[in-house]
Amino acid sequence: MSTSRRVYLAPTLAIFLLCQIAPSAAQLSGELAAQPAEPLNPTLRRNQLESVLGKEVRTLVEEDGGRIIDLLADRNGRVRAAVIEFGGFLGIGTRKIAVDWSALRFEGDGKQTVVIVDMTRDQLRVAPEYKPNEPAVVRRLSE
Amino acid sequence: MRDWEAKEAAHASKAPSRASLRGLDWFTFFVADIQTGFGPFLAVYLTTQKWTQVDIGLVLAVGSFASLLGQVPGGWLVDWARSKQRAAALAVIGIGVSALLIALAPTFVTIVAAKLLHVGASSVLGPAIAAITLGLVGHAAVGPRLGRNARFAAIGNGLAAGVMGACGYFVSAQAVFFATAVLAVPTLLALWRIRESDVDPVRADGGINACSASQPTATLGRLLRNPALLILAACVLLFHLANAAMLPLVGSDVTMRSSRWATALVAACIITPQLVVAAISPTVGQLAQTWGRRPLLLIGFGALPLRGALLAWTNDPYMIVAVQTIDGVSGAVLGVLVPLTLADISRGTGRFNLTQGIIGSATGIGATLSTIGAGYLADLFGSATAFAGLAASGLFAFVLLLAMMPETKPAAE
């Protein structure tokens with residue numbers, strides 16, 4: 001699980017953090033160094049790495065759980081949470097919540113990867129709203 | 001008899017054809033349809049295209065700012081244009097092209113361009129519909145006709161919300177913008193059914209056509225010294241300061257409070273007021289002729305603080321949907337009475353559409369501040385306080401209207 005997570009983490013960091021947080025760049029190169037020294041095999045890249053921004057999220061019972069719209073990293077550049085937007089109609093009345101990164105599971109269903117959040121829709125909807133200027137309230141999953 | 005009165009009398013005998021009136025019905029219906037996707041839904045679409053929140057916020061801010069700047073020039077342009085249909089047609093084409101750009105090339109530059117194109121087109125299209133209406137039927141009959149326009153626009157809004165929402169949910173967010181571009185075609189066809197000869201350009205500007213240079217038209221400075229226009233603009237600004245953030249807050253509350261039916265209930269919050277507008281607008285237009293403008297404006301403006309107070313008080317999602325019917329009352333009154341009052345105020349100035357631009361700016365300023373203010377209140381004190389704050393602004397608009405707004409209906413009618 002942790003290896004597969006790192007596979008997703010790399011492009012994520014590259015996209016969102018590289019230009020903002022210097023330590024993340026160090027972290028990223030550290031992670032890449034752990035991989036084989038030559039550039040990543042293009043087929044491997046195509047099959048195993050996927051952009052997560054805008055990706056749909058399902059809840060435990062396969063309900064529509066919204067979409068990943070942002071990622072939150074700590075000062076070491078580690079992704080800690082995903083901001084998920086859900087609900088509403090025609091973009092009116094949506095809610096944003098920050099979900100602990102470990103509460104998200106990436107599962108392959110044939111061609112595509114599906115992101116599943118280990119929560120029910122009811123847990124999602126009552127979670128406190130995510131606000132960009134304040135420290136995010138991250139829902140931790142009690143496993 | 002003043003000159004514009006003589007001109008009006010000369011045109012009074014000319015009744016518009018049935019085809020033109022039908023064309024206007026469908027035109028208002030389809031214009032409502034093609035505008036649906038450009039609202040908050042654009043943000044949803046851009047998230048599906050892997051846009052970051054920063055970029056989405058930037059594009060939306062550019063759009064709001066351009067819209068504030070564009071309203072007055074848009075109205076001025078419609079006054080200046082000899083053919084209101086041609087101005088409207090160009091605007092519809094602009095909106096269609098904008099939708100295509102959004103669907104086909106969601107890069108930052110194209111989306112900013114598409115957004116600006118849409119804002120420019122909309123700032124012409126809004127006044128152009130009212131100008132065509134006034135040009136078709138004249139001042140004496142414009143009240144009931146604006147009521148009919150509002151009915152068709154509301155049916156268009158309600159249907160489009162349902163269809164576009166379903167399209168976005170079941171097909172893709174991109175499909176919504178393709179559908180918008182396709183719908184621009186029947187919009188143009190409806191517009192073509194309105195005969196050029198039926199729309200009197202002099203009537204459409206509220207008296208004197210700006211093109212005929214021999215007749216001096218009122219300057220912006222002179223218009224801005226009209227107390228009725230200023231009071232109406234202030235009331236409209238306060239109204240939208242109260243109103244604009246209410247529906248998003250309502251939707252967010254419903255999303256939080258209802259599990260299974262959240263999507264359907266938020267849809268109901270959007271569509272229910274449109275049903276009410278469709279039902280009562282023609283009556284509002286008729287009543288404006290007999291009661292005058294003031295009593296109806298007071299009802300419409302009074303409904304808003306009542307709605308805000310009820311929303312602050314209730315938590316039940318079904319009750320929230322019920323309260324949203326009150327929004328239909330405000331919607332019908334503002335949809336009919338604001339252009340009607342402007343037609344009264346601008347009568348004989350040849351600047352009907354410029355006054356619409358001024359009110360459009362007031363709407364934009366109010367709506368922009370509303371979202372910022374309500375977001376702030378909701379963050380700090382919760383949604384009930386935000387609703388109460390919005391209701392207070394609505395109450396202020398009502399009191400201002402009650403204390404200062406004169407009756408604008410001409411005594412002769």
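What you see below is based on every heavy atom in this structure, not just the backbone, and it leaves out hydrogens, waters and symmetry mates. The sequence lines fix the lettering, A, B, ..., with proteins before strands; numbering per chain opens at 1.
- Comparing B:Pro248, B:Ala267, B:Ala264 by how many heavy-atom pairs each has under 4.5 Å with chain A, the most go to B:Ala267.
- For the residue pair B:Asp316 and B:Thr314, no side-chain donor N or O sits within less than 3.5 Å of a side-chain acceptor on the partner.
- In the displayed structure, B:Phe108 atom CZ is contacted under 6.0 Å by more than 12 heavy atoms of other residues, nucleotides or ligands.
- A donor atom on one side chain and an acceptor atom on the other are found under 3.5 Å apart for A:Thr113 and A:Glu50.
- For B:Tyr45, no part sits under 4.5 Å from any heavy atom of chain A, backbone or side chain.
- Contact count against chain A (heavy-atom pairs under 4.5 Å) is highest for B:Lys50 among B:Lys50, B:Arg257, B:Met164.
- Ranking A:Leu124, A:Thr94, A:Thr120, A:Leu90 against chain B, the residue ahead of the rest is A:Leu90, based on heavy-atom pairs under 4.5 Å.
- Residue with the most contacts toward chain A among B:Cys269, B:Ser258, B:Ala262: B:Ser258 (heavy-atom pairs, distance under 4.5 Å).
- Between A:Phe89 and B:Trp261, the ring center distance fails the sub-6.0 Å criterion.
- Contact count versus chain A (heavy atoms, under 4.5 Å) is highest, among B:Thr263, B:Val176, B:Val250, for B:Thr263.
- In this structure, the portion of A:Glu85 lying under 4.5 Å from any heavy atom of chain B is its side chain and not its backbone.
- Here B:Thr255 is the residue among B:Val266, B:Thr255, B:Thr36, B:Leu265 with the most heavy-atom pairs under 4.5 Å with chain A.
- The closest side-chain donor-acceptor pair between B:Thr107 and B:Thr110 falls under 3.5 angstrom.
- Heavy-atom distances place both the backbone and the side chain of B:Leu247 under 4.5 Å from chain A.
- A side-chain donor-acceptor contact under 3.5 Å links A:Arg67 to the backbone of A:Gly54.
- In this structure, chain A has heavy atoms under 4.5 Å from both the backbone and the side chain of B:Ala161.
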### Query
After noting the C-alpha distance and the side-chain angles of B:Ser98 and B:Lys115, does the key distance pass the side-chain hydrogen bond (donor to acceptor under 3.5 Å, both in side chains) rule?
CA-CA 7 Å; B:Ser98 172; B:Lys115 186 81 194 161; over 6 Å; no
